[in-house]
Amino acid sequence: MTSCDYPNFKTHFSGLLEQAARAIISADTVLRIELTRTKQASHGDYSCNLAMQLAKSLHKNPREVAGLLIAALPASPHLEKVEVAGAGFINLFLTHAAKQQCVYQVLQGKAAYGHGGFGQGKKIQVEFVSANPTGPLHVGHGRGAAYGASLANVLSAAGFNVSREFYVNDAGRQMDILTLSTWLRYLELNDIHIPFPQNAYQGSYVRTMAQLIFQAHTNRYVHQPALLLDGLPAQVLETVVSTDEHLDILIANAKKILGQDYAYFHNFVLTEQLGDCRNDLMEFGVEFDVWFSEQSLYDNGAVARTMQLLEDKKYLYEQDGAIWFRSTDFGDEKDRVVQRENGQFTYFASDIAYHLNKFERGFDQVINIWGADHHGYIPRVKGALQALELDPSKLEIALVQFAVLYRDGKKAPMSTRSGEFVTLRELREEVGKDAARFFYVMRKSDQHLDFDLDLAKSQSNENPVYYVQYAHARVCSVLAQWDGQVDELNSADTTILTNPLELALLQKLIDFPDTVEMAAREYSPHLIAFYLRELASEFHSYYNSTRFLVAEIPLQNARLALIAAIRQVLINGLTLLGVNAPDKM
RNA sequence: GUGCCCGUAGCUCAAUCGGAUAGAGCACCAGCCUUCUAAGCUGGGGGUUACAGGUUCGAUUCCUGUCGGGCACGCCA
């Protein structure tokens, strides 16, 4: 059987219902055919509420409309029967043959089963993580990484041409603070002790970087540290409290004192942190097509050009020595500074240039995955796009709530600056990549995630990923004990598969491509995780109720074909989530 | 204070742009291994979907208000 003989049933039945509807309504009526999978077997396999939608405009009751629609419904070889039920639902029943043939679709489709053409090859960019390279990734970044990577996989499977991008904030003040922090720690190693500002980077990795530089260069970068405190009020030496101004003075002094060597420190810490980040993500199964440098937007003049564009369109003005963008023209609460009094561009300025650059690259859709704490930033970015006469609807911003950590039943503190945080690397080492990846996408991304570290570390069966992986391992075990090749199962007679458990499993396999499409449409990879749990659950029930390796060869082959197909779909789904499917557990 | 998000079983969460009797997991109770992996299965109890109104054939979903929680309100990124 070829794929054109075997349709997507949702699409197939939607088409039939549309034809039926056209026969009883006027041509200009807008139709929205909604076909949903039923929850109860007695309601058939697919259900449609079209009759209820049309009842009002036709001045007939919904059940009567449903009757008319069914009467006008073209015949289909895949349709066992159609019924009117409840308030006017049209319930469609698939033939057993249609379900049974799905096994061949899966076994022949292999890794491609579930992939579809919903995306029509459109170019879509997913930008995610984009963490400041100022320290290790923590578990909050981990969620964005897991969500973004899974979403990108899902979109790709659904037929989009996906580009995964990491925006490297290598130009900002935070990098200067990290550079300063590292130099201060380096000076300490040379027995020069300058009070370490409270709001500088406290993490031990800063000392580690200082150590590396010290080991390679001893006191080469000591210079004149006494000048570092120039311009600082005397009392800062007496107190640990430090302000932004304090840091800015230290940074400016450090640049002056170090001269060319400042660039060495800056480059060293950037390279070190970015490399660490990249390795961390790679080990987490998260890879990017593009690492986009913020600094490059300054180096190639993009920021200046973008500011000039806004200036030409009269969206910029000067006040209090700074340059402001009129974001209130586009619904923002207040106008925003793009160039500070000291001449420095803000993060927002380069971000406008970055988004202009994204649009110039010709994506049909751009998705930014941000931590939910950045939601207030959305209106100004969308406003900037409008100011540049770009279509804001092409930019989708998916907010990911931070994971809230619990340790010993209490919230664990998480702050990059204070150094009190659980890193993504620690999490991976403790619970494993698979559990972490699955755990992260078990919840809808815009919901808070309570991450119980003790539970996640427990390596017990409470980790839901084991349940799905175990189903896969069980199929592998059975097939290993059978002395045949899976390819032989393509000729199995699946019409023997008629018990309710088997029919439900067959329907579940049919659902997979629809689930992938839905996950892509809704930017919701968690649907894949839920689907996999359900498929695994139905398989485990089947496993416990039915013996596969039986004497009757046709029956055995039919059952083995089914579980081989289940295994394939488990693999395909787990792959979308970046989770391994081990043969043995 | 203003804006955005959220409130579903004891706990953590689903519920396909408004659909049929609101579903899972964990926890709890009772069962199932001389048979392909018990990291499994079967059965059971558990709900006024925060609260009060509104919209309609139908509301966990949309609107208004109240209460409770989170986040954001920088010339940080």
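The figures here come from the full heavy-atom set of this structure, side chains too, leaving out hydrogens, waters and symmetry mates. Chain A is the first sequence line, chain B the second, and so forth, proteins listed ahead of strands; every chain is numbered from 1.
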Quantified in whole Å, what is the C1' atom distance between nucleotide B:C73 and nucleotide B:U12? 31 Å
Hunt down the Watson-Crick or G-U wobble partner of B:C4, both distances under 3.5 Å, from any strand shown, or write none. B:G70
Gap in Å between the two P atoms, one belonging to B:A59 and one to B:A52, rounded: 15 Å
Are OP1 or OP2 of B:G74 and a side-chain N or O of A:His374 less than 4.0 angstrom apart? no
If you look at every strand shown and take non-hydrogen atoms under 4.0 Å, does A:Phe530 touch a base, only sugar-phosphate, or nothing? sugar-phosphate
Quick check for you: among B:A15, B:A77, B:G40, whose closest atom lies nearest to any side-chain atom of A:Lys444? B:A15
Between B:G10 and B:U66 - P atom distance, rounded Å: 28 Å
Searching all strands shown, indicate the nucleotide that pairs with B:G53 (Watson-Crick or G-U wobble; both distances under 3.5 Å). B:C63
Go through the steps to decide whether A:Leu549 and A:Leu560 satisfy the test side chain to side chain contact (heavy atoms under 4.5 Å, CB included), and finish with yes or no. CA-CA 8 Å; A:Leu549 297 173; A:Leu560 291 179; 4.2 Å; yes
Residue met sooner reading RNA chain B from 5', once A:Asp335 and A:Glu34 are mapped to nucleotides: A:Glu34
Check whether any side-chain nitrogen or oxygen of A:Tyr466 sits under 4.0 Å from OP1 or OP2 of B:A39, and answer yes or no. no
Have a look at A:Arg336 and say if it touches a base, only the backbone sugar-phosphate, or nothing, with a 4.0 Å heavy-atom cut-off. nothing
N-O pairing of A:Glu127 and A:Lys358 below 4.0 Å: yes
Can you find a side-chain donor-acceptor pair between A:Gln469 and A:Asp434 that sits under 3.5 Å? yes
Side-chain N or O of A:Arg380 closer than 4.0 Å to phosphate OP1/OP2 of B:G74: no
Mind checking whether A:Tyr542 and A:Phe548 have parallel, tilted or perpendicular rings, split at 30° and 60°? tilted
Could you tell me whether A:Asp248 and A:Arg173 make a salt bridge, using a distance below 4.0 angstrom between a side-chain N and a carboxylate O? yes
Residues in contact with RNA chain B, drawn from residues 43-59 of chain A - heavy-atom cutoff 4.0 Å: A:His43, A:Ser47, A:Asn49, A:Met52, A:Lys56
Parallel, tilted or perpendicular, as decided by the 30° and 60° cut-offs, for the rings of A:Trp370 and A:His355: perpendicular
Any base atoms under 4.0 Å from A:Ser477, or only sugar-phosphate, or nothing? Heavy atoms, all strands. base
Side chain of A:Ala322: nearest nucleotide among B:U16, B:A20, B:C75? B:C75
Which part of the nucleic acid, if any, lies within contact of A:Arg32, taking any heavy atom under 4.0 Å across all strands shown: a base, the sugar-phosphate backbone alone, or nothing? base
Would you tell me if any nitrogen or oxygen in the side chain of A:Arg340 comes within less than 4.0 Å of OP1 or OP2 on B:C76? yes
Between B:A39 and B:C26, how far apart are the two C1' atoms, rounded to whole Å? 15 Å
Sort out the partner of B:A39 for me: Watson-Crick or G-U wobble, both distances under 3.5 Å, none otherwise. none
Can you tell me if A:Ser477 and A:Gln481 form a side-chain donor-acceptor pair at under 3.5 Å? yes
Would you mind building the protein contact string for nucleotides 2-9 of chain B? One character per nucleotide, 5' to 3', B for base within reach (heavy atoms under 4.0 Å), S for sugar-phosphate only, - for untouched. -BB-S---
Going by centres under 5.5 angstrom and planes under 30 degrees, do the aromatic ring of A:Phe89 and the base ring of B:A20 stack? yes
Taking only the side-chain heavy atoms of A:Tyr377 (C-beta and beyond), determine which of B:A77, B:A39, B:A72 contains the nearest atom. B:A77
N/O (side chain, A:Lys39) to phosphate O (OP1/OP2, B:A20) under 4.0 Å: yes
Pairing partner of B:C26, by Watson-Crick or G-U wobble and under 3.5 Å for both distances, is B:G10
List in numerical order all residues of residues 545-556 of chain A for which some heavy atom is under 4.0 Å away from an atom belonging to RNA chain B. A:Thr546, A:Arg547, A:Phe548, A:Leu549
Using a 4.0 Å heavy-atom cut-off across all strands, classify A:Tyr543 as base, sugar-phosphate, or nothing. base
Of B:G40, B:U12, B:C75, the nucleotide closest to the side chain of A:Tyr467 is B:G40
What integer number of Å spans the C1' atoms of B:G25 and B:G40? 15 Å
If you check the A:Lys334 side chain, which of B:A39, B:A15, B:G74 turns out closest? B:G74
Between B:G46 and B:C41, how many Å separate the two P atoms, rounded to a whole number? 23 Å
When we call it a touch if two heavy atoms are under 4.0 Å apart, what does A:Asp320 touch: a base, just sugar-phosphate, or nothing? base
Regarding A:Ala480, tell me which of base, sugar-phosphate or nothing describes its non-hydrogen contacts under 4.0 Å with the strands shown. nothing
A:Thr515 and A:Leu527: which non-hydrogen atoms are nearest, and at how many Å? CG2-O, 3.8 Å
Looking at every strand, decide which applies to A:Asp583 at a 4.0 Å heavy-atom threshold: base, sugar-phosphate, or nothing. base
Pick the P atom in B:A14 and in B:C6, then give their distance to the nearest Å. 11 Å
From B:A20, B:U37, B:C41, pick the nucleotide closest to the side chain of A:Gln481? B:U37
Is the distance between the ring centroids of A:Tyr440 and A:Tyr147 under 6.0 Å? no
Hey, are A:Asp276 and A:Tyr205 close enough side-chain-wise for a donor-acceptor pair under 3.5 Å? no
Might you point out which heavy atoms bring A:Leu562 and A:Glu502 nearest each other, and give the distance in Å? CD2-CG, 4.1 Å
Between B:G23 and B:U16, how far apart are the two P atoms, rounded to whole Å? 13 Å
Considering every strand shown, what is the Watson-Crick or G-U wobble mate of B:A20 when both distances are under 3.5 Å? none
Within the structure shown, what part of the strands sits under 4.0 Å from A:Asp248 by heavy-atom distance: base, sugar-phosphate, or nothing? nothing
Within the structure, does a side-chain N or O atom of A:Arg474 lie under 4.0 Å from either OP1 or OP2 of B:A38? yes
Are the aromatic ring centres of A:Tyr470 and A:Tyr543 under 6.0 angstrom apart? no
Parallel, tilted or perpendicular, judged at 30° and 60°: which one describes the rings of A:Tyr167 and A:Tyr354? parallel
